[in-house]
Protein chains: 2
Amino acid sequence: MAAPRRPRAATEEKKQRLLDATEEIMLEDGYAAVSSRRVAAAVGINAPLLHYYFPTIDDLFVAVLLRRSGRIVERMAEALASDEPLRAWWELASDPRGTALMVEMLAAANHRPVLKAEVGEIARDVRAMQVERLESLLAEYGVDRDEFPPVLVAATVQGLAFSAVQDLAAGYDTNPEDAIKAMVRFIDRLEAKRAAARR
Amino acid sequence: MAAPRRPRAATEEKKQRLLDATEEIMLEDGYAAVSSRRVAAAVGINAPLLHYYFPTIDDLFVAVLLRRSGRIVERMAEALASDEPLRAWWELASDPRGTALMVEMLAAANHRPVLKAEVGEIARDVRAMQVERLESLLAEYGVDRDEFPPVLVAATVQGLAFSAVQDLAAGYDTNPEDAIKAMVRFIDRLEAKRAAARR
DNA sequence: GTCTATATTGAGATAGAC
DNA sequence: GTCTATCTCAATATAGAC
């Protein structure tokens with residue numbers, strides 16, 4: 001059997017640069033501003049060549065998503081296994097770049113079936129990780145899991161991060177910094193409580 | 001002074017139908033699917049005529065936003081003044097149509113400056129209403145406002161509603177129904193507590 | 001108000017030379 | 001791999017007849 005053809009380093013690196021450029025455009029002007037011409041221009045090639053690397057624009061979006069989500073899954077697993085799982089989760093969830101990008105992906109997925117399927121899988125997997133970890137974690141934080149079941153806590157953490165970061169990034173005067181500060185203080189208390197209970 | 005020219009009823013009604021059609025398209029295929037051709041086709045006129053009613057596409061989006069937000073502000077004021085303010089707020093915030101539409105507006109606003117300014121004003125006004133009401137309300141629900149300040153509670157309610165409804169609408173397997181049910185049970189308890197305290 | 005016709009711009013994508 | 005040239009389609013918007 002022939003060994004699978006391995007693209008030279010230069011090729012893989014250009015792919016990465018194209019993904020970087022795509023993310024940049026999505027963050028600055030939204031996913032709808034992503035076009036073959038614009039992405040190509042950003043890395044100094046011309047438009048048709050983009051199709052050499054990514055046959056369709058959907059392929060490009062999916063590649064951006066998969067690269068990101070791979071990192072997210074990794075980092076979420078690390079966060080949930082860390083010393084202060086809730087704090088680490090929150091820091092990951094409220095990372096402005098990652099969050100803003102996922103918001104754009106969510107919006108883009110709403111009318112790109114291929115993307116939608118991919119986003120759905122990732123959303124499901126990440127949520128499952130979080131919920132599973134919360135099963136044992138809630139008791140350690142002293143949270144009553146009848147009152148606040150894992151699925152509610154997970155949706156709340158993620159939803160709050162999304163909305164606060166979105167308002168922050170867009171510059172809306174809803175005082176998202178204050179909401180974030182208050183959330184961090186709340187996490188401080190929970191982590192302290194858990195640390196105390198564990199010794 | 002000449003009286004301002006009043007468009008005939010038929011004209012106003014057509015405008016409304018155009019706004020209806022635009023909302024429909026945004027909900028089904030996302031804001032990026034809104035185009036003069038498509039909106040015009042949906043109401044049975046041809047594209048250039050749309051520009052008679054709404055000179056630019058931005059004008060169309062802004063008109064959709066203002067019609068919606070007018071209702072939202074009204075209904076939010078009613079909700080916050082009602083017998084069970086938190087429940088009424090939650091019901092409003094988790095209304096699938098309204099929420100999905102605002103998600104699209106938020107996304108669209110990210111790269112349409114005119115829209116962004118309008119969305120920003122509305123976000124600020126609505127949040128201010130909520131926070132002001134929470135100032136006195138939290139104590140009635142027995143919530144410690146040092147631990148959960150109004151701005152955090154408001155962002156949380158809105159963020160959770162956004163994320164749960166988005167997942168629900170998109171069909172993602174993150175069990176949003178369970179999260180929503182748990183939130184409603186939580187609200188049940190808070191409203192019961194407040195009712196008891198008030199008699 | 002509503003139409004046809006059209007100007008302009010930019011999108012995604014392919015063919016084929018080098 | 002990278003280019004030029006080009007096809008096709010659809011977008012926003014305007015002009016002007018009816």
Side-chain angles (χ1 to χ4, degrees), chain A residues 4-22 24-26 28-65 104 107-115, chain B residues 4-22 24-26 28-65 104 107-115:
Chain A
R5 257 215 287 159
R6 201 162 50 91
R8 287 173 312 168
T11 295
E12 185 52 34
E13 197 219 310
K14 182 154 287 177
K15 264 195 168 181
Q16 295 299 321
R17 283 205 292 137
L18 287 166
L19 297 184
D20 291 343
T22 305
E24 214 55 54
I25 294 166
M26 290 181 81
E28 267 179 36
D29 295 325
Y31 74 90
V34 172
S35 70
S36 50
R37 285 165 158 79
R38 178 138 175 213
V39 173
V43 304
I45 62 172
N46 53 21
L49 187 51
L50 178 75
H51 292 289
Y52 170 80
Y53 292 99
F54 303 98
T56 72
I57 299 295
D58 271 352
D59 292 330
L60 176 62
F61 276 119
V62 168
V64 169
L65 175 66
E104 286 297 325
N110 280 337
H111 53 103
R112 287 179 175 263
V114 188
L115 247 194
Chain B
R5 256 216 287 163
R6 200 162 51 92
R8 286 174 314 170
T11 294
E12 185 51 35
E13 196 219 311
K14 182 155 288 177
K15 264 194 169 182
Q16 294 300 322
R17 282 205 292 139
L18 287 166
L19 297 184
D20 291 342
T22 305
E24 213 55 54
I25 294 166
M26 291 181 80
E28 267 179 36
D29 295 324
Y31 74 89
V34 172
S35 71
S36 50
R37 283 165 157 78
R38 177 135 176 217
V39 174
V43 305
I45 62 174
N46 54 19
L49 186 52
L50 178 75
H51 292 289
Y52 170 80
Y53 292 99
F54 302 99
T56 73
I57 299 294
D58 270 353
D59 293 330
L60 176 62
F61 276 120
V62 169
V64 169
L65 175 66
E104 287 297 324
N110 280 337
H111 53 103
R112 287 179 175 263
V114 188
L115 246 195

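Every chain is numbered from 1, with letters handed out A, B, ... down the list of sequences.
- Whole-Å rounding puts the B:Y31 OH to D:dT12 P distance at 13 Å.
- The line from OH of A:Y52 to CD1 of A:I45 is 11.5 Å long, rounded to the nearest 0.5 Å.
- If you take OH of A:Y52 and P of D:dC3, they are 12 Å apart, rounded to a whole angstrom.
- Counting distance only, with no hydrogens placed and no angle test, the side-chain atoms of B:R37 and the base atoms of D:dA11 include a donor-acceptor pair under 3.5 Å.
- The closest side-chain heavy-atom distance from B:V114 to B:D59 is not below 4.5 Å.
- Between B:L19 and B:F54, some side-chain heavy-atom pair lies under the 4.5 Å cut-off.
- When distances run from any side-chain atom of B:P48 to the nucleotides D:dT2, D:dT14, C:dA13, the shortest one goes to D:dT14.
- Nucleotide C:dA11 holds its C1' atom 14 Å from the CD1 atom of A:I25, rounded to whole Å.
- At whole-Å resolution of the value, CZ in B:R112 and C1' in D:dT12 are 10 Å apart.
- Near DNA chain C, meaning a heavy atom under 4.0 Å away, the residues from residues 38-45 of chain B are B:I45.
- Counting only heavy atoms from C-beta outward, the side chains of B:F61 and B:L65 never approach each other to under 4.5 Å.
- Nucleic acid contact for B:L49: base, since at least one base atom lies under 4.0 Å from a heavy atom of the residue.
- Contact between the side-chain N/O atoms of B:N46 and the OP1/OP2 oxygens of C:dT2 is not found at any separation under 4.0 Å.
- A:A21 and A:V43 make their closest contact through CB-CG1, 3.7 Å (heavy atoms, listed as atom of the first residue, atom of the second, distance).
- Note: CG (B:D29) to C1' (D:dA11) measures 16 Å, nearest angstrom.
- A:P55 comes within 4.0 angstrom of sugar-phosphate atoms only, judged by non-hydrogen atoms across all strands, and of no base.
- Protein atom NE2 of B:H51 is 14 Å distant from nucleotide atom C1' of C:dC3, rounded to whole Å.
- Annotation: side chain of A:D58 is in contact with side chain of A:R112 (closest heavy-atom distance under 4.5 Å).
- No engagement by B:F54 is indicated, since no non-hydrogen atom pair under 4.0 Å with the nucleic acid exists.
- Look at CD1 on A:I57: it is 16 Å from P on C:dG10, rounded to the nearest Å.
- Between the CZ atom of B:R38 and the CD atom of B:E24 there is a distance of 10.0 Å, given to the nearest 0.5 Å.
- Here the C1' atom of nucleotide D:dT2 and the CG atom of A:L18 are 13 Å apart, to the nearest Å.
- Residue-level contact check: B:S35 touches the backbone only, with heavy atoms under 4.0 Å from sugar-phosphate atoms and none from bases.
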